[in-house]
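Bear in mind the structure is a predicted one, so any value in this text is a computation, not a measurement. For ligands, and for the atoms within them, numbers begin at 1 and follow the listed sequence. Sequential numbering from 1 along the given sequence is applied to the chain's residues.
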Amino acid sequence: MKEKTKIAVFASGNGSNFEAIAQACAQGRLEAEVVLCVCDHPGAYVTLRAKRLNITVLELKPKDFISKKEYEEEILQQLHKLNVQLICLAGYMRIIGPTLLSPYEGRILNIHPSLLPAFPGVDAIGQALNYGVKVFGVTVHFVDSTLDGGKIIAQAAIPYEGNDRGEIEEMIHAQEHALYINAINRVIGNGHC
Ligand code: GRF
């Protein structure tokens, strides 16, 4: 039997996607295991979720390191120690640097709340609202050295004609979890990791 893929989820805040991925693993909907939660905001809600689920948490303050390279080297050490094969970014508010990107090339995924390539970067939902779009969406993509520009794995379109931020945020978040799980399944199934 194929061994379960070991996943690390990187998150900075709430962590609903982290929890959805961890639950999907626990319930056998993903042939994978979340072995680590990496958080750059010690005490963020995602760390409580991880502790509740008995998942190891690595809480680091980037400011405590002299450079991004050192910060990422510390993370890399933990990833290697736990044999992490796949990294899933889920609301991780940092650009991944070459220290992590190079050893995990093609094995880092991200979820972004827009139909990429439209509205990369911060506050994608706000950008889309300002633009007056009528079809919002969510994208799961591979991470490369560009800003939200890696190859797309899965997308969901969300038609919405209103301009209520709370309402569209809710609609987007409602799609994210299933889409992310579906995308991870595809990547694992394709033998990427
Ligand atoms: C999601 O909207 C995701 O698309 C974006 O950050 C948000 C994270 O939400 N990258 P949560 O922390 O998983 O609840």
Side-chain angles (χ1 to χ4, degrees), residues 7-27 29-30 32 34-53 55 57-60 62 86-97 100-101 104 108-131 133 135-160 164-187:
I7 297 179
V9 179
F10 288 30
S12 302
N14 176 36
S16 71
N17 281 281
F18 158 79
E19 184 149 358
I21 295 167
Q23 297 287 15
C25 291
Q27 293 161 7
R29 286 180 285 121
L30 263 178
V34 177
V35 294
L36 183 67
C37 167
V38 175
C39 181
D40 60 338
H41 278 97
Y45 191 58
V46 67
T47 65
L48 306 184
R49 293 186 193 257
K51 286 167 194 168
R52 221 165 41 211
L53 295 168
I55 292 171
V57 189
L58 178 62
E59 298 179 67
L60 297 173
L86 180 69
I87 296 174
C88 296
L89 310 183
Y92 182 64
M93 303 304 284
R94 255 164 223 287
I95 307 268
I96 299 289
L100 285 173
L101 201 50
Y104 278 95
I108 309 180
L109 314 186
N110 182 42
I111 186 157
H112 185 78
S114 79
L115 282 177
L116 289 170
F119 313 125
V122 291
D123 194 20
I125 298 175
Q127 292 184 55
L129 279 169
N130 284 340
Y131 223 93
V133 303
V135 182
F136 292 71
V138 185
T139 303
V140 179
H141 63 96
F142 286 108
V143 171
D144 63 14
S145 58
T146 63
L147 180 64
D148 298 323
K151 193 153 193 222
I152 291 169
I153 303 159
Q155 288 187 304
I158 303 163
Y160 176 68
D164 180 328
R165 191 182 171 113
E167 206 165 60
I168 184 61
E169 270 178 2
E170 216 171 284
M171 291 167 81
I172 286 175
H173 292 315
Q175 296 276 336
E176 285 192 330
H177 302 166
L179 191 79
Y180 213 165
I181 288 154
N182 182 300
I184 295 169
N185 255 327
R186 271 196 230 176
V187 170

Student: Verify, without hydrogens or angle tests, whether Q155 (side chain) and L179 (backbone) share a donor-acceptor contact under 3.5 angstrom.
Tutor: no
Student: For the backbone of S114 and the side chain of T139, can you confirm whether one donor and one acceptor N or O come within less than 3.5 Å of each other?
Tutor: yes
Student: Around E170, counting heavy atoms of other residues, nucleotides and ligands shown, do more than 12 lie under 6.0 Å from its CD?
Tutor: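 At most 12 heavy atoms, drawn from other residues, nucleotides or ligands, come within 6.0 Å of this atom.
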Student: Indicate the atoms forming the closest heavy-atom contact of P113 with I172, along with that distance.
Tutor: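 Looking at all heavy atoms of both residues, the shortest contact is CB-CG2, 3.9 Å.
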Student: Not counting sequence neighbours, list each pair that qualifies as a side chain to side chain donor-acceptor pair (under 3.5 Å) and has a residue in residues 35-49.
Tutor: S12-D40, N14-R49, E19-R49, D40-R94
Student: Where do L116 and D148 come nearest, in terms of heavy atoms and distance?
Tutor: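 Of all heavy-atom pairs spanning L116 and D148, the closest is CD1-O, 3.4 Å.
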Student: Near ligand 1, which residues have a heavy atom under 4.0 Å away from one of its atoms?
Tutor: N14, G15, S16, N17, G91, I111, H112, P113, H173, E176
